[in-house]
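Reviewing the structure listed below.
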Amino acid sequence: MIKTVFIGSASGWGAQVRETEKGPQVFQKSDFLASFPFFWTWKETLFPLKTAEEITLPPGPLTLPYIEDICLRVAHSVEETLQRDERPVVIGGDHVVAVGTWTGVIHGLEAKEKFGLIWVDAHMDAHTMETTPSQAYHGMPLAILLGHGEPSLVNLLGKGPVLRPEHVCLIGVRSYEEGEANLLKRLGVRIFFIEEVEERGFEAVFKEALAIVKTNTDGYGLSIDLDAFDPMEAPGVGTPAPQGLKQREVLPSLIQVKNDPALKAFEIVEYNPDRDKRDKTLYLMRDILLNLLPAKGE
Ligand SMILES: [Mn+2]
């Protein structure tokens with residue numbers, strides 16, 4: 001059975017609200033993790049060179065050196081894990097870490113532009129510096145992975161892009177700006193907006209998403225931004241958006257990828273423990289993993 005290897009990315013530099021940098025450590029210390037019925041290890045938690053508790057920076061270019069650095073280290077860690085035939089699971093931290101996670105994955109698997117990705121998110125995360133209203137880099141990782149935006153991130157471990165638009169899709173989108181929507185439309189990326197999920201049900205949408213990411217690829221991953229879920233169910237996130245996905249629909253659907261060897265890695269990001277209520281979001285992370293990972297002996 002494939003071993004699950006957790007890698008924490010304790011950075012909030014991509015976001016406007018920085019407490020997501022505390023996410024991986026709170027998750028790692030949670031009571032349930034010790035008794036998790038999986039074959040897993042916690043490899044390491046990577047920290048930025050300076051945390052937001054140590055220094056204050058506005059969103060935008062001043063945060064870029066910290067983001068480049070942590071994305072690079074996450075990418076190397078993920079790559080090394082895959083080369084040992086283990087499955088990396090990145091726990092964030094803000095969503096800009098996706099640049100590190102998926103760049104590391106395609107290098108580890110030698111699957112540049114042949115890798116599928118399902119992006120579960122309330123937002124599109126497809127801005128560039130030209131279109132972003134906030135300057136926060138966690139609004140840009142999907143554009144970067146598709147080859148648009150900050151060159152140092154697009155070409156993190158070698159010449160980008162990492163992903164091709166026809167191998168990517170988004171689920172749960174409901175909060176976005178025109179500039180990023182135009183980019184994804186121009187590239188032809190399939191977006192399952194929240195209205196479509198509500199109309200057809202998550203199960204049907206997820207099946208179609210899997211077909212997209214598994215067509216002509218050498219594997220696929222899941223990038224789960226916890227803000228995709230309804231803030232009533234996942235209050236502990238950096239950027240909540242009302243009326244999201246419901247766990248009672250999402251969790252049972254995840255079981256269909258549980259023993260899929262093509263699922264090479266996944267990440268769960270934007271956990272902000274300071275905003276959580278009665279650990280609801282922490283338990284949601286646990287339940288995602290319980291539905292996604294094969295238990296010992298399974
Ligand atoms: Mn996101």
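If you read the sequence from its start, that first residue is 1, and numbering goes on from there. Fair warning: this is a prediction, and the values are worked out from it, not measured in the lab.
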Does the pair K43/E80 count as a salt bridge with the N-to-O cut at 4.0 Å?
yes

Between D69 and R73, is the closest basic N to carboxylate O distance under 4.0 Å?
yes

Is a donor on one side and an acceptor on the other found under 3.5 Å between the side chain of E180 and the backbone of A126?
yes

Working to the nearest 0.5 angstrom, can you tell me the gap between L62 CG and T56 OG1?
11.5 Å

Without swapping roles, check the side chain of S35 against the backbone of F32 for a donor-acceptor pair under 3.5 Å.
yes

Spacing of OG1 belonging to T103 relative to CG belonging to L145, to within rounding of 0.5 Å
5.5 Å

Within this structure, what is the CD-CG distance for the pair E249 and D230, rounded to the nearest 0.5 Å?
11.5 Å

Can a donor-acceptor pair be found, under 3.5 Å and without considering hydrogens, that links the side chain of D94 to the backbone of G14?
yes

Quick one: pull up CG in L251 and CG in L292 and give me the separation to the nearest 0.5 Å.
9.5 Å

Less than 3.5 Å apart, any donor N or O on the side chain of H95 or D227 sitting next to an acceptor on the other?
no

For Y176 and F193, I'd like to know if the aromatic rings sit close, meaning centre-to-centre distance below 6.0 Å.
yes

E21 side chain to A52 main-chain N or O, any donor-acceptor pair under 3.5 Å?
yes

Parallel, tilted or perpendicular, as decided by the 30° and 60° cut-offs, for the rings of W40 and F6
perpendicular

Is the cationic atom of K3 (NZ for Lys, CZ for Arg) positioned less than 6.0 Å from the six-membered ring centroid of F39 and within 45 degrees of its normal?
yes

Output yes when a side-chain donor or acceptor of R190 lies under 3.5 Å from a complementary backbone atom of A209, and no otherwise.
no

Checking the side chain of E233 only, and the main-chain atoms of Q247 only, is there a donor and an acceptor separated by less than 3.5 Å?
yes

Apply the test salt bridge (Lys or Arg N to Asp or Glu O under 4.0 Å) to residues E198 and R174: give CA-CA distance (whole Å), side-chain angles for both, the deciding distance (0.1 Å), then the verdict.
CA-CA 12 Å; E198 283 169 359; R174 57 197 183 274; over 6 Å; no

State, to 0.1 Å, how close V97 and S9 come at their nearest heavy-atom pair, and which atoms those are.
CG2-OG, 3.2 Å

Donor-acceptor pair between T51 and E53 side chains, under 3.5 angstrom:
no

Worked verdict on V250 versus N291 for side-chain contact (heavy atoms from CB on, under 4.5 Å):
CA-CA 10 Å; V250 175; N291 284 281; over 6 Å; no

Within the distance-only criterion (no hydrogens, no angle test), does the side chain of R87 pair as donor or acceptor with the backbone N or O of L293 below 3.5 angstrom?
no

Is a side-chain N or O of K112 found less than 3.5 angstrom from the main chain of P161, in a donor-acceptor match?
yes

Determine whether M140 and M129 satisfy the following criterion, side-chain contact (heavy atoms from CB on, under 4.5 Å), listing intermediate values before the conclusion.
CA-CA 8 Å; M140 308 183 200; M129 260 309 164; 3.7 Å; yes

Any sub-3.5 Å donor-acceptor pair from E208's side-chain atoms to V205's backbone N or O?
no

For G236, is there any backbone N or O sitting under 3.5 Å from a side-chain donor or acceptor partner on T281?
yes

Establish, from distance only, whether the side-chain atoms of D260 and Y220 form a donor-acceptor pair under 3.5 Å.
yes

Could you check whether T81 and E86, counting side-chain N and O atoms only, form a donor-acceptor pair closer than 3.5 Å?
no

State whether a side-chain donor-acceptor pair under 3.5 Å links E270 with H138.
yes

Nearest heavy-atom neighbours spanning L226 and A234
O-CB, 3.8 Å

